[in-house]
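Counting starts at 1 for both ligands and their atoms, following the listed order.
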Amino acid sequence: MKIAVTGKGGVGKTTLAAGLAKHFARCGYQVYAVDADPDISLGTTLGVPEEQLAAQPPLIEMKELIKERTGAGGAFYILNPQVDDVLDKYSIDLSNIKLLRMGGYKQAGTACYCPENSFLNAVVNSLLLGNHDVVILDFGAGIEHLTRGTARGVDLMLIVTEPTRVSVETARVIQKLAREIGVPKIRIVGNKVRNSREKEFLMSSFDKDELLGVMQYNDELWEKSMLDEPREMEEILINSVSNIFNLIRGGDVEAGTAAKS
Ligand SMILES: Nc1ncnc2c1ncn2[C@@H]1O[C@H](COP(=O)(O)OP(=O)(O)OP(=O)(O)O)[C@@H](O)[C@H]1O
């Protein structure tokens, strides 16, 4: 199963991506967790110690490696560099989870043409189109780097939204983009829902088949995110996303029987 998580800034993408990674890992899967969000907080949310994170900079910052693989610096550079070894050499091992910190893509006009983006694209393609158990991509809001080819490798795109108009509008924009590039399954996940009114707002904003489920606002999650207590954090994280994990595992994504949780 290959899952891409996206949504507006701060809605809970990393929380959902990390929680799902922990769930799949506990079930015995080898999980590849890819942090393609510019703020690269997936490692911290997964409980990786700061020293370990500092020892493995995000791929986007590894200028020499990118230069070596893409041949950048001359008049031309390679658009699909060889990256087979990148996953093993540059990921952080957390028992059943391999964390690959990519960092954000380069923005604006250079998006399709710079060596850094070609390099990151090659890594994402190799993961999505390769023979891996579970891949979870924390994408940030920008999915424009998912191409039609790569989109076929994604089984499920989860678009996280808070129960606010602005967040729902962003989710709609991402949903449209994801449909255009041919992502096969796209589902909305409501997050930080505090009461039935907010849940109803989400249920009226999306069709039954679009909304997979909702995650409740969790005070503990919010409070513990300030503290350095990875063990406690892991349990809270796992509990917070367990209904979404169950809906994915239980086949509701296939059946389209959404928003029951
Ligand atoms: N259900 C929830 N209840 C309470 N707090 C939550 C919940 N989900 C996420 N949070 C908190 O909201 C904050 C933002 O969450 P998170 O980092 O997962 O969002 P994000 O979408 O990945 O953000 P960014 O766009 O900055 O990468 C974090 O402090 C997180 O602990």
Side-chain angles (χ1 to χ4, degrees), residues 3-23 33-48 50 53 58 60 97 99-105 107 120 136-146 157-175 177-178 186-199 201-203 211-248 259 261:
I3 303 172
V5 182
T6 184
K8 194 176 158 46
V11 291
K13 300 176 290 291
T14 303
T15 302
L16 179 61
L20 290 177
K22 294 272 182 198
H23 266 286
V34 184
D35 197 348
D37 193 335
D39 81 353
I40 50 165
S41 56
L42 186 58
T44 309
T45 309
L46 283 168
V48 182
E50 279 308 317
L53 289 175
I60 191 82
I97 302 175
L99 168 68
L100 193 63
R101 303 175 80 214
M102 298 210 319
Y105 282 85
Q107 293 301 316
L120 295 189
I136 298 175
L137 281 147
D138 181 1
F139 246 123
I143 59 158
E144 60 271 21
H145 300 283
L146 258 184
M157 175 173 288
L158 297 176
I159 306 172
V160 186
T161 180
E162 290 173 358
T164 66
R165 242 169 235 298
V166 175
S167 183
V168 164
E169 273 163 27
T170 304
R172 282 267 175 238
V173 172
I174 299 170
Q175 188 187 38
L177 208 58
I186 305 160
R187 294 292 184 275
I188 307 291
V189 174
N191 188 25
K192 305 189 191 177
V193 172
R194 287 170 302 182
N195 51 48
S196 56
R197 196 162 155 251
E198 292 184 346
K199 185 174 174 183
F201 169 72
L202 287 173
M203 291 179 78
L211 184 65
L212 176 64
V214 298
M215 291 156 58
Q216 302 297 324
Y217 184 89
N218 182 337
D219 279 321
E220 265 193 317
L221 192 61
W222 180 254
E223 279 157 25
K224 291 281 190 251
S225 64
M226 289 181 281
L227 309 171
D228 184 17
E229 294 168 359
R231 274 267 148 248
E232 272 184 67
M233 201 49 206
E234 176 162 329
E235 290 312 315
I236 297 168
L237 201 56
I238 282 187
N239 289 336
S240 299
V241 312
S242 57
N243 65 327
I244 300 300
F245 176 73
N246 290 333
L247 286 166
I248 293 170
S261 53

**OP:** Would you give the length of the straight line joining atom CE of Met233 to atom OG1 of Thr44, rounded to the nearest 0.5 angstrom?
**Re:** 10.5 Å

**OP:** Closest by any non-hydrogen atom to atom 22 (O) of ligand 1: pick that one out of Thr6, Thr14, Leu237.
**Re:** Thr14

Original post:
N/O of Asn218 under 3.5 Å from N/O of ligand 1, yes or no?
Top reply: yes

Original post:
For Asp37 and ligand 1, does the shortest N/O to N/O distance drop below 3.5 Å?
Top reply: yes

**OP:** May I ask you to check if ligand 1 and Gly10 share an N or O to N or O distance below 3.5 Å?
**Re:** yes

**OP:** For ligand 1, find out whether one of its N or O atoms is nearer than 3.5 Å to an N or O atom of Asp219.
**Re:** no

**OP:** Look at the rings of Trp222 and Tyr217 and say which category their plane angle falls in: under 30° parallel, 30 to 60° tilted, over 60° perpendicular.
**Re:** tilted

Original post:
Going from CG on Leu211 to OG1 on Thr161, what distance comes out if it is rounded to the nearest 0.5 angstrom?
Top reply: 9.5 Å

**OP:** Between Val160 and ligand 1, find which residue part has any heavy-atom pair under 4.0 Å and reply side chain, backbone, both or neither.
**Re:** neither

Original post:
What distance separates Lys22 NZ from Ile238 CD1, expressed to the nearest 0.5 Å?
Top reply: 7.0 Å

Subject >> For Gly9, the ligand 1 atoms whose distance to one of its heavy atoms is below 4.0 Å >> reply: 25 (O)

Original post:
About how many Å separate CD of Glu223 and CG of Leu221, when rounded to the nearest 0.5 Å?
Top reply: 10.0 Å

Original post:
At a 4.0 Å cut-off, with the gap strictly under it, does some heavy atom of Lys192 reach an atom of ligand 1?
Top reply: yes

Subject >> Met215, portion touching ligand 1 at heavy-atom distance under 4.0 Å >> reply: neither

Original post:
Donor-acceptor pair, Arg101 side chain versus Leu53 backbone, under 3.5 Å?
Top reply: yes

Side chains of residues 10-17: which donor-acceptor partners sit under 3.5 Å, not counting sequence neighbours?
| unit_1 | atom_1 | unit_2 | atom_2 | d |
| --- | --- | --- | --- | --- |
| Lys13 | NZ | Gly7 | O | 3.3 |
| Lys13 | NZ | Lys8 | O | 2.7 |
| Thr14 | OG1 | Asp138 | OD2 | 2.7 |

